[in-house]
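Quick note on labels: first sequence line is chain A, next is B, and so on, each numbered from 1.
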Amino acid sequence: MLTRSIAYRIYWAGRYLERIENIGRISIIAINSGISLDSVAKGYGLEGQKELFDYIRTSFEYLRENIRSFAGERLMIEVNEMELRINSSKEDLLGYFNGIISSTVSLGNALESYFNDRGSPLRVRSQQENQPEGK
Amino acid sequence: MDYRVVYRSVYEYEADVIVNENTTRIVPYDGDNQRLLEHKVDSIPQGYKTYFRDIFDNIVYRIKVTEVHRRLEIYSDSLVRVDAKAIRVDYDFPFDYGFNQFLLPTRLVDPEPFQKIAIELTKGAKSLGEVIESIVEFVRGRIKYSPGATDVNTTAYDAFKLGKGVCQDYTHVTLAILRALKIPARYVMGVVNDTPRATHAWVEVMMPDGTYVDVDPTRNRFYNLGYVKFAIGRDFADVSPVIGSFVSSGRGQLKNVLVEVRKVAD
């Protein structure tokens, strides 16, 4: 079963997930290259490091709302895991972003198996006809 | 005689259905000896509805349900007046009707294999009435009533070879023999007026004066049956009560059909 509204939510859930993963990977490259997170934020059109973290937080909230509309318990556990990572300490920035990436990969895999377990695909089928059989 | 007629068919599905589109002929015919006084067609869940009359003047409703569902109910509730017909069957046989659409072969009723049988059966018959009665007697002798032996796609000849069938097959074989004799006859789908359990099928034979007389080969009844007809056509394919398709990952099945006919006035 896939209604238009659900398809829309799946699409946006995918986009927000990619966005969070993308920020995480770029930030790791930046940290390893000695570039400040303020510069990374500017690359995203944001004011500074704080806005970068807010951006991750907002993207996650939208992601959660979209996933909530179609997903079951297993996926929501992965979503909660990601929230913990996003809200965790930012003292070790490399560890922080590695944690975020690991949770995005894990949520991505959970989404993948969620859709693979959906059973047979949609098909157009004939309605069973009513054969007159009165006696 | 006025009848309150209710038709209800329930479909159940293994998985969610996102679109379900059906063409229905579940309202009594408004013409010939019937007058449709009121009617209502709907579904649960409700859908978009449109209405038209087909080439045989049958009342057709198309219903498209887009609400996600696992159970679909399609129903009609009608009030119909059925009048008695003036029947005359003592016309001379054979009679040349000329071209008529109800003489043509169809997917389910091909008169060709019945040519020899038809000629053999009507040797010595002088009137159309005699022809009709001998055909019905022959069909009843050859086909044993046996639900489940055939389906909606069984042709007249297959049912005849099998020797088993339901009212639909009795009707198809009777039509094939009549058409082999160049007598126009049409398939009628409807409900009987005495405790119906399912939809029924019978035959209407054209007389030289252009009127149709009703014959029920399954129940061995002739003329002025008083049944409530829903639709007429060349064979079952023209009159299927509900035909359609749905979009789902699972299969669906017709769970039950309920037919109610109640006399409300003489």
Side-chain angles (χ1 to χ4, degrees), chain A residues 1-18 61-80 82 105-135, chain B residues 7 9 11 13-23 26 66-68 70 72 145 147-148 150-154 165-169 171 187 189-192 196-202 216 218-219 227 236 239-255 257 259:
Chain A
M1 185 284 310
L2 186 67
T3 60
R4 201 189 326 199
S5 61
I6 295 293
Y8 185 78
R9 286 169 183 275
I10 292 169
Y11 166 75
W12 278 102
R15 286 207 66 177
Y16 285 120
L17 184 63
E18 280 285 318
E61 281 165 5
Y62 289 147
L63 166 72
R64 182 172 57 192
E65 283 317 297
N66 282 304
I67 287 187
R68 190 176 274 162
S69 64
F70 63 87
E73 192 183 348
R74 198 179 147 233
L75 272 174
M76 291 317 293
I77 289 170
E78 295 292 342
V79 171
N80 291 341
M82 180 182 272
V105 170
S106 181
L107 179 56
N109 288 339
L111 276 166
E112 187 82 30
S113 49
Y114 173 80
F115 289 115
N116 284 338
D117 295 344
R118 290 288 86 190
S120 52
L122 291 173
R123 269 173 46 195
V124 179
R125 298 161 194 267
S126 292
Q127 194 82 272
Q128 187 185 344
E129 287 185 65
N130 165 18
Q131 182 185 21
E133 54 178 28
K135 188 184 181 183
Chain B
Y7 174 95
S9 52
Y11 301 85
Y13 305 94
E14 289 174 347
D16 288 345
V17 174
I18 56 167
V19 179
N20 207 328
E21 195 162 4
N22 295 281
T23 303
I26 53 175
T66 52
E67 188 181 323
V68 176
R70 285 198 176 205
L72 175 71
Y145 185 84
T150 56
D151 61 28
V152 290
N153 293 312
T154 306
V166 290
C167 60
Q168 151 134 320
D169 306 291
T171 301
Y187 184 109
M189 184 276 293
V191 288
V192 300
R197 276 174 304 169
T199 48
H200 192 51
W202 63 96
D216 182 353
T218 319
R219 301 171 127 203
Y227 299 168
F236 173 72
V239 301
S240 184
V242 178
I243 185 164
S245 59
F246 59 93
V247 179
S248 174
S249 58
R251 287 170 300 176
Q253 65 162 322
L254 176 59
K255 199 70 185 169
V257 175
V259 178

Output the option from B:Pro147, B:Gly244, B:Ala198, B:Gly252 having the highest count of non-hydrogen pairs under 4.5 Å with chain A. B:Gly244
Against chain A, label B:Phe246 side chain, backbone, both or neither, depending on which of its atoms sit under 4.5 Å from a heavy atom there. both
Side chain, backbone, both or neither of B:Thr150 within contact of chain A (heavy atoms, under 4.5 Å): both
Taking it one step at a time, do A:Gln131 and B:Thr154 satisfy side-chain contact (heavy atoms from CB on, under 4.5 Å)? CA-CA 10 Å; A:Gln131 182 185 21; B:Thr154 306; 5.6 Å; no
Determine the option with the most heavy-atom pairs under 4.5 angstrom with chain A, choosing from B:Thr171, B:Asp169, B:Asp151. B:Asp151
Counting heavy-atom pairs under 4.5 Å with chain A, which one of B:Leu254, B:Val259, B:Asp216 comes out on top? B:Leu254
Side chain / backbone / both / neither for B:Val257 at chain A, heavy atoms under 4.5 Å: side chain
Can you find a side-chain donor-acceptor pair between A:Asn130 and B:Tyr7 that sits under 3.5 Å? yes
Nearest heavy atoms of B:Ser249 and A:Arg125, plus distance in Å: O-NH2, 3.0 Å
Which bit of B:Asn22 is near chain A, if near means a heavy-atom gap under 4.5 Å: side chain, backbone, both or neither? side chain
Tell me, do B:Trp202 and A:Pro132 make a side-chain contact under 4.5 Å, heavy atoms counted? no
What residue in B:Gln168, B:Gln253, B:Met189 has the most heavy-atom pairs under 4.5 Å with chain A? B:Gln168
Distance (rounded to the nearest 0.5 Å) between A:Gln128 CD and B:Ile243 CD1: 12.5 Å
Using only heavy-atom distances, determine whether the side chains of B:Asn153 and A:Glu129 contain a donor-acceptor pair under 3.5 Å. no
Quick one: list whatever passes side-chain hydrogen bond (donor to acceptor under 3.5 Å, both in side chains) with A:Glu18, sequence neighbours left out. none
Could you tell me which portion of B:Ala201 (side chain, backbone, both or neither) has an atom closer than 4.5 angstrom to a non-hydrogen atom of chain A? both
Could you tell me which portion of B:Ser9 (side chain, backbone, both or neither) has an atom closer than 4.5 angstrom to a non-hydrogen atom of chain A? neither
